[in-house]
Chemist: 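Sharing a structure with you now.
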2 protein chains.
Amino acid sequence: MTDDENLDSNEAEARAVESRAEAFIGVREARRSEVAEDYVELIAELIHENGEARPVDIATRMGVTAPTVAKTLGRLARDGLITRAKYRSVFLTEEGRALAKECRHRHEIVLRFLLSLGLDPETAERDAEGIEHHVSERTLALFAAFSQRS
Amino acid sequence: MTDDENLDSNEAEARAVESRAEAFIGVREARRSEVAEDYVELIAELIHENGEARPVDIATRMGVTAPTVAKTLGRLARDGLITRAKYRSVFLTEEGRALAKECRHRHEIVLRFLLSLGLDPETAERDAEGIEHHVSERTLALFAAFSQRS
DNA sequence: GCAAAAAGTTAGCTTCGGCTAATAATCATC
DNA sequence: GATGATTATTAGCCGAAGCTAACTTTTTGC
């Protein structure tokens, strides 16, 4: 191997490593917003179904305890996604509503895609819940197109 | 609505809520093993490429600092996935190797699937990294079948 | 309208997974 | 083989997200 080749392959290697690292960093970022997205999406659903989102219902549907919900709602409020008053139900801010809508959209595309691949509804719902936070815009577009034409 | 219908719909509702909650619980469980899986997969790669897995290389490729790697390796050792000696490289246990193999397998299927959907390699790698931890066996089988026949 | 049940909150603990700063060990080079 | 650079570890901080136990507030049913 000449020095030039060596240099080139080292540089190529370095780029590959960096891009890999960036992928991991991206995944970690996505992970950080997962919980908030799940809550906001669920709150929107509850408001739609029941007219209000009570912590106790959020807890039941998320499969966590009431104090966990309380703490998470505190973070959501801090981040400007919801408003709440003590001992009262929760409401979405404009920003929260926008996020909820986006999440619902993504969730539906992923779910429809999995179903159109032939997956059973139970598993599809389960997998969609995990996958929806990790699909890029591009992938989402391909998923949507696939469901459409099948 | 008769009382019977009311009861039925309540029960149906309750089942739906519980199954939703279980989906969330499942996602949280998957999340807990994500980091371990990523590390083990990467360690296997490094050993294959370089003959050994050094913390500094793990750190670079994961995009985290050395102390973060040290702490995580402590957890992996505690959980029986790796062995290590102070100031030395890391090795996989039998269990760690098995997990790494499984992860690599899943990663490849998801990646191939995304590519065969028409996604660009860069984005495919990125999305695969996030998605691979959240696909059930069934979905994985469908992904594999799809890549095969396309 | 009061008492019991349900819902919400607060306090305090745990683990995980990040970080920086400081220290210790190993390696490489002369 | 000493010394400087690289690598690894330790200590200690933080925030997120889970939990239980204890308490307060609200709602409900008689």
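Lettering of chains follows the sequences in order, A, B, ..., and the numbering in each one begins at 1.
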Chemist: Do A:Met62 and A:Thr68 make a side-chain contact, defined as non-hydrogen atoms from C-beta onward lying under 4.5 Å apart?
Modeler: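 Result no, sub-4.5 Å side-chain heavy-atom pair not found.
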Chemist: Just by distance, no angles: are the side chains of B:His134 and B:Glu34 close enough, under 3.5 Å, to form a donor-acceptor pair?
Modeler: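 On atom types as modelled, these side chains qualify, holding a pair under 3.5 Å.
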Chemist: Working note: B:Val35 + B:Arg75, criterion side chain to side chain contact (heavy atoms under 4.5 Å, CB included); need CA distance, chi angles, decisive distance, verdict.
Modeler: CA-CA 10 Å; B:Val35 173; B:Arg75 280 190 288 269; 5.8 Å; no
Chemist: From CD1 of A:Ile58 over to C1' of C:dA7, roughly how many Å is that when rounded to an integer?
Modeler: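 Spelled out: CD1 on A:Ile58 to C1' on C:dA7 is 12 Å.
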Chemist: Considering heavy-atom distances to DNA chain C, does B:Asp79 or B:Ala66 have its closest nucleotide positioned more toward the 5' end?
Modeler: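 Checking each residue's closest nucleotide, the 5'-ward one belongs to B:Asp79.
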Chemist: Give the rounded distance in Å between these two atoms: CD of B:Glu29 and C1' of C:dC16.
Modeler: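 About 16 Å, once rounded to whole Å.
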Chemist: On DNA chain C, check which nucleotide each of A:Ser89 and B:Val35 is closest to and give me the residue with the more 5' one.
Modeler: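 In this pair, the answer is A:Ser89.
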Chemist: From the list C:dT10, C:dC16, D:dG18, which nucleotide is the closest neighbour of the side chain of B:Arg75?
Modeler: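 Side chain of B:Arg75 sits closest to C:dC16.
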Chemist: Just call it for B:Arg31: base, sugar-phosphate, or nothing, with non-hydrogen atoms closer than 4.0 Å on any strand.
Modeler: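 It contacts nothing in the nucleic acid.
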Chemist: For a quick test of reading the model: is some side-chain N or O of B:Thr68 closer than 4.0 Å to OP1 or OP2 of C:dG17?
Modeler: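 No, because none of the side-chain N or O atoms of B:Thr68 sits under 4.0 Å from OP1 or OP2 of C:dG17.
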Chemist: Measure from CG on A:Leu73 to P on C:dA7 and round the result to the nearest Å.
Modeler: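 So the CG-P distance, A:Leu73 to C:dA7, works out to 16 Å.
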Chemist: Under 4.0 Å between any heavy atoms, over every strand shown, what does B:Arg88 touch: base, sugar-phosphate, or nothing? Just pick one.
Modeler: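 Sugar-phosphate contact only - B:Arg88 comes under 4.0 Å of backbone atoms but never of a base.
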Chemist: For side chain to side chain contact (heavy atoms under 4.5 Å, CB included), just list the numbers for B:Arg88 and B:Arg84, CA-CA rounded to whole Å, side-chain angles, deciding distance to a tenth of an Å, and then say yes or no.
Modeler: CA-CA 7 Å; B:Arg88 287 276 103 88; B:Arg84 60 195 203 127; over 6 Å; no
Chemist: Mind checking if B:Lys86 touches a base, just sugar-phosphate, or nothing, with heavy atoms under 4.0 Å?
Modeler: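 If one applies the 4.0 Å heavy-atom cut-off, B:Lys86 turns out to touch the sugar-phosphate alone, with no base involved.
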Chemist: Between D:dA16 atom C1' and A:Leu81 atom CG, what is the distance in whole Å?
Modeler: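 Checked: the CG to C1' distance equals 15 Å.
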Chemist: So which one's nearest nucleotide on DNA chain D is more toward 5', B:Arg84 or B:Lys71?
Modeler: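 Result: B:Arg84.
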Chemist: For D:dG18, take OP1 and OP2 only and decide whether either is under 4.0 Å from a side-chain N or O of B:Arg28.
Modeler: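 Yes, because at least one side-chain N or O of B:Arg28 sits under 4.0 Å from OP1 or OP2 of D:dG18.
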Chemist: Decide whether B:His105 and B:Glu132 meet the rule of one side-chain donor and one side-chain acceptor closer than 3.5 Å.
Modeler: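 No, no side-chain donor-acceptor pair sits under 3.5 Å.
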Chemist: Would you say B:Thr72 reaches C:dG17's phosphate, i.e. side-chain N/O to OP1/OP2 under 4.0 Å?
Modeler: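 No, B:Thr72 has no side-chain N/O under 4.0 Å of OP1/OP2 on C:dG17.
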Chemist: Among the clusters formed by ILVMFWY side chains lying less than 4.5 Å apart, do A:Val27 and B:Val110 turn up in the same one?
Modeler: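 Different hydrophobic clusters.
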Chemist: Write down the distance between CG (B:Asp57) and P (C:dC27), rounded to a whole number of angstrom.
Modeler: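 Atom-to-atom, B:Asp57 to C:dC27, this comes out as 14 Å.
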Chemist: Compare the minimum distances between each of C:dG8, C:dC19, D:dC19 and the side chain of B:Pro67, then state the nucleotide with the smallest one.
Modeler: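 Given the options C:dG8, C:dC19, D:dC19, the side chain of B:Pro67 is closest to C:dC19.
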Chemist: Whole Å only: how far is the CZ atom of A:Arg54 from the C1' atom of C:dT9?
Modeler: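 Rounding to the nearest Å, CZ of A:Arg54 and C1' of C:dT9 are 16 Å apart.
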Chemist: Rounded to whole Å, please give me the gap between CE in B:Met62 and P in C:dG17.
Modeler: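 Rounded to the whole Å, the gap is 10 Å.
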Chemist: If you assign each of A:Arg78 and B:Tyr87 to its closest nucleotide in DNA chain D, which residue comes earlier from the 5' end?
Modeler: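 Result of the comparison: B:Tyr87.
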Chemist: Between B:Asp38 (CG) and C:dG18 (C1'), how many Å, whole number?
Modeler: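 Checked: the CG to C1' distance equals 15 Å.
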Chemist: As a test of reading the structure: which of D:dT7, C:dT20, C:dA11 is closest to the side chain of B:Thr65, going by heavy atoms?
Modeler: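 Between D:dT7, C:dT20, C:dA11, the one nearest the side chain of B:Thr65 would be C:dT20.
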